[in-house]
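Being a predicted model, the structure only gives us computed values, none of them experimental.
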Amino acid sequence: MVTSSGPKNASAKTATGTWHTAITGVKPNNILIRGYPIDELMGRLSFGDAVYLLLVGDMPSRTVSRIMEALLVSSIDHGAIPPSTIAARTVAGTGAPLRTAAAAGVLALGSPLGGGGSIEACMRFLNEGLAVVGDWVSYDDAARRLLDQREGTGQLPPGYGHRIHKRDPRAARLMQLAFELELEGGHTQLARAVEQELAQRRTTTSHSGGTSLNSDGAIAAVSGDLGLDAETATLLFTISRVPGLVAHALEEQRRQEATRHIDP
């Protein structure tokens with residue numbers, strides 16, 4: 001872990017004046033990231049640590065570092081089915097630059113069906129329940145209230161259920177790590193309570209698939225307990241998925257015929 005410290009506020013002068021930023025300072029032979037020389041960070045900081053430093057402004061603890069790495073790995077790819085992957089492969093098949101294909105995939109992320117689209121909605125859902133948790137309202141009580149409000153809709157809460165997995169292995173591992181690293185807070189505890197309540201109501205729900213927490217829900221819960229907001233949590237998913245999109249674009253150009261019809 002880097003031990004050197006420096007000013008967290010940096011500014012860079014432009015030709016028309018001063019642009020104030022607390023993120024990066026660039027001077028001749030010197031680049032600061034949140035006050036730390038980038039050459040000192042290189043080889044000492046993991047990519048997840050650096051992402052956390054950029055977004056939050058502080059160095060992560062050892063436990064936060066581990067969960068950040070897990071968050072970024074969890075969504076690195078999910079096969080050729082997601083619309084974002086299909087978009088990246090389709091554009092790659094035209095012979096466009098790989099960066100263009102990856103960008104096309106990124107633009108398809110964040111929608112309800114495009115991957116990562118339930119993260120923000122799930123965090124808002126959990127925040128709604130946490131607002132009533134207190135001396136007289138337990139996490140189990142809050143979970144029942146949240147699900148009672150959705151009774152009769154025939155829809156699972158955002159962040160629960162999956163079209164392929166009855167038990168999403170990514171979600172299970174993230175929640176396990178949060179427990180092992182003692183990073184569980186209100187969001188993860190409420191997420192577990194909702195999952196348990198859903199399991200008890202499973203016989204009465206009209207949903208045909210699983211009702212367990214999915215990766216979007218786990219990312220929302222863990223990110224919430226790290227103090228990250230909903231938009232930042234979704235951006236972590238986006239950062240994570242880019243390598244997968246690039247890999248699919250590379251494979252499309254190297255192994256498939258150009259401009260082939262891609263059947264989802």
I'd like to check [X] versus [Y] (side-chain heavy atoms, cut-off strictly below 4.5 Å). Are they in contact?
X: Asp58; Y: Leu53; result: no
X: Asp39; Y: Ile31; result: no
X: His248; Y: Asp77; result: yes
X: Glu257; Y: Glu252; result: no
X: Thr232; Y: Thr234; result: no
X: Leu198; Y: Pro157; result: yes
X: Arg163; Y: Ile81; result: yes
X: Phe125; Y: Val194; result: yes

**Asked** What do the steps show when you test Gln176 against Glu180 for side chain to side chain donor-acceptor pair (under 3.5 Å), and what is the final call?
**Response** CA-CA 6 Å; Gln176 178 189 16; Glu180 292 176 354; 3.0 Å; yes
**Message:** Tell me every residue that passes side chain to side chain donor-acceptor pair (under 3.5 Å) with Gln189, counting only those two or more places apart in sequence or in another chain.
**Reply:**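 Partners of Gln189 by the side chain to side chain donor-acceptor pair (under 3.5 Å) criterion come out as none, since no residue qualifies.
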Please check: side-chain N/O of [X] versus main-chain N/O of [Y], any donor-acceptor pairing under 3.5 Å?
X: Thr211; Y: Tyr160; answer: no
X: Thr188; Y: Glu184; answer: no
X: Glu195; Y: Leu213; answer: yes
X: Ser84; Y: Leu109; answer: no
X: Asp49; Y: Pro60; answer: no
X: Arg34; Y: Leu54; answer: yes
X: Glu69; Y: Gly48; answer: yes

**Asked** Taking everything shown except Arg150 itself, do over 12 heavy atoms lie less than 6.0 Å from its CZ?
**Response** yes
**Asked** Quick check: are there more than 12 heavy atoms from other residues, nucleotides or ligands sitting under 6.0 Å from CZ of Arg144?
**Response** yes
**Request:** Tell me, with the steps shown, if Asp216 and Cys122 meet side chain to side chain contact (heavy atoms under 4.5 Å, CB included).
**Result:** CA-CA 8 Å; Asp216 281 5; Cys122 183; 5.9 Å; no
Is it the case that one hydrophobic cluster holds both [X] and [Y], taking links as side-chain heavy atoms less than 4.5 Å apart, direct or via other members?
X: Leu235; Y: Ile76; result: no
X: Phe47; Y: Met68; result: yes
X: Leu55; Y: Ile67; result: yes
X: Leu190; Y: Trp136; result: no
X: Val56; Y: Leu183; result: yes

**Item:** Under-4.0 Å salt bridge between Asp148 and Arg201
**Value:** yes
Minimum heavy-atom separation for [X] to [Y], with atom names?
X: Val133; Y: Ala142; value: CG2-CB, 3.7 Å
X: Ala80; Y: Thr85; value: CA-CG2, 3.8 Å
X: Gly105; Y: Leu245; value: C-CD1, 3.6 Å
X: Ala191; Y: Met175; value: CB-CE, 4.2 Å
X: Met59; Y: Leu41; value: CE-CD2, 3.6 Å
X: Ser75; Y: Arg241; value: O-NE, 2.7 Å

**Separation between OH of Tyr139 and NE2 of His187, rounded to the nearest 0.5 Å** =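 Reported to 0.5 Å precision, the distance equals 9.5 Å.
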**Request:** State the CG-CZ distance between Asp168 and Arg173, to the nearest 0.5 angstrom.
**Result:** 14.0 Å
**Prompt:** Between the side chains of His162 and Asn214, is a donor N or O closer than 3.5 angstrom to an acceptor N or O?
**Reply:**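 Short answer, no.
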**Message:** Please tell me whether Ser215 and Arg170 have a donor and an acceptor in their side chains that are separated by less than 3.5 angstrom.
**Reply:**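 Yes, because at least one side-chain N or O of Ser215 sits under 3.5 Å from a partner of the opposite role on Arg170.
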**Prompt:** Residues two or more places apart in sequence or in another chain: which of them pass salt bridge (charged side-chain N to carboxylate O under 4.0 Å, His left out) with Arg255?
**Reply:**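 Partners of Arg255 by the salt bridge (charged side-chain N to carboxylate O under 4.0 Å, His left out) criterion, ordered by chain and then number, come out as Glu251.
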**Request:** Check salt bridge (charged side-chain N to carboxylate O under 4.0 Å, His left out) between Glu120 and all other residues, then give those that pass, not counting sequence neighbours.
**Result:** Arg124
**Message:** I'd like to check the side chain to side chain contact (heavy atoms under 4.5 Å, CB included) partners of Ala96; sequence neighbours left out, ordered by chain and number.
**Reply:** Val91, Thr94, Thr100
**Item:** Partners meeting side chain to side chain contact (heavy atoms under 4.5 Å, CB included) with Ser223 (sequence neighbours left out)
**Value:** Leu71, Met123, Ile219, Leu228, Ala233, Leu236
**Asked** Are Asp140 and Arg192 close enough, and set up right, to give a salt bridge (Lys or Arg N to Asp or Glu O under 4.0 Å), and what steps lead you there?
**Response** CA-CA 9 Å; Asp140 291 337; Arg192 290 186 191 278; over 6 Å; no
**Prompt:** Who else is in the cluster with Val137 when I, L, V, M, F, W and Y are joined by side-chain contacts under 4.5 Å?
**Reply:**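 Its cluster partners, ordered by chain and number, are Val132.
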